[in-house]
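First comes the structure, then the notes that go with it.
Excluded from the calculations below are hydrogen atoms, water molecules and symmetry mates; all remaining heavy atoms, backbone and side chain alike, are included.
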Amino acid sequence: MSLSLLFFGVTADIAGSRKSDVDVPDGESVEAVLVRLISRYPKLASHKLLFAVNEEYVDIDTILKRAQVRPLAVGVHNDRQLLQFCYTA
């Protein structure tokens with residue numbers, strides 16, 4: 001499935017963009033996606049991150065399923081970076 005990652009604040013500076021698309025298998029965990037992101041943007045590893053799916057905060061072990069995932073974003077909230085996952089057709 002294709003995810004659109006939306007970056008905000010410091011994370012957008014690190015990624016050099018506000019949006020990035022990534023293909024992941026259905027059933028991938030947020031943590032697995034984060035590992036991919038850190039390999040692409042190593043400076044993300046030094047930040048506290050929050051994760052959201054469909055604008056709701058989720059834990060790092062959340063499994064991403066095509067039916068549930070809409071937009072994905074990364075940004076700053078309460079001194080933490082926000083990473084929100086969104087499905088794109």
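- With sequence neighbours excluded, the residues satisfying salt bridge (charged side-chain N to carboxylate O under 4.0 Å, His left out) with Arg36 are Glu28.
- The distance from atom CG of Leu34 to atom OG of Ser29, rounded to the nearest 0.5 Å, is 9.0 Å.
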Next item on the list: Decide yes or no on side chain to side chain contact (heavy atoms under 4.5 Å, CB included) for Val10 and His47, but give the supporting numbers first.
Entry: CA-CA 9 Å; Val10 174; His47 292 274; 3.5 Å; yes
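- One hydrophobic cluster, built from ILVMFWY side chains closer than 4.5 Å, holds both Ile60 and Phe7.
- One distance of note links CD1 of Ile38 with OG of Ser46; it measures 9.0 Å at 0.5 Å rounding.
- With values rounded to the nearest 0.5 angstrom, Leu64 atom CG is found 12.0 Å from Glu31 atom CD.
- Using a 4.5 Å heavy-atom cutoff, the side chains of Asp13 and Lys43 are not in contact.
- Residues Val35 and Val22 are members of separate hydrophobic clusters, defined by side-chain heavy-atom contacts under 4.5 angstrom among Ile, Leu, Val, Met, Phe, Trp and Tyr.
- Every residue meeting the side chain to side chain contact (heavy atoms under 4.5 Å, CB included) condition with Asp59, not counting sequence neighbours, appears here in chain and number order: Asp61, Thr62.
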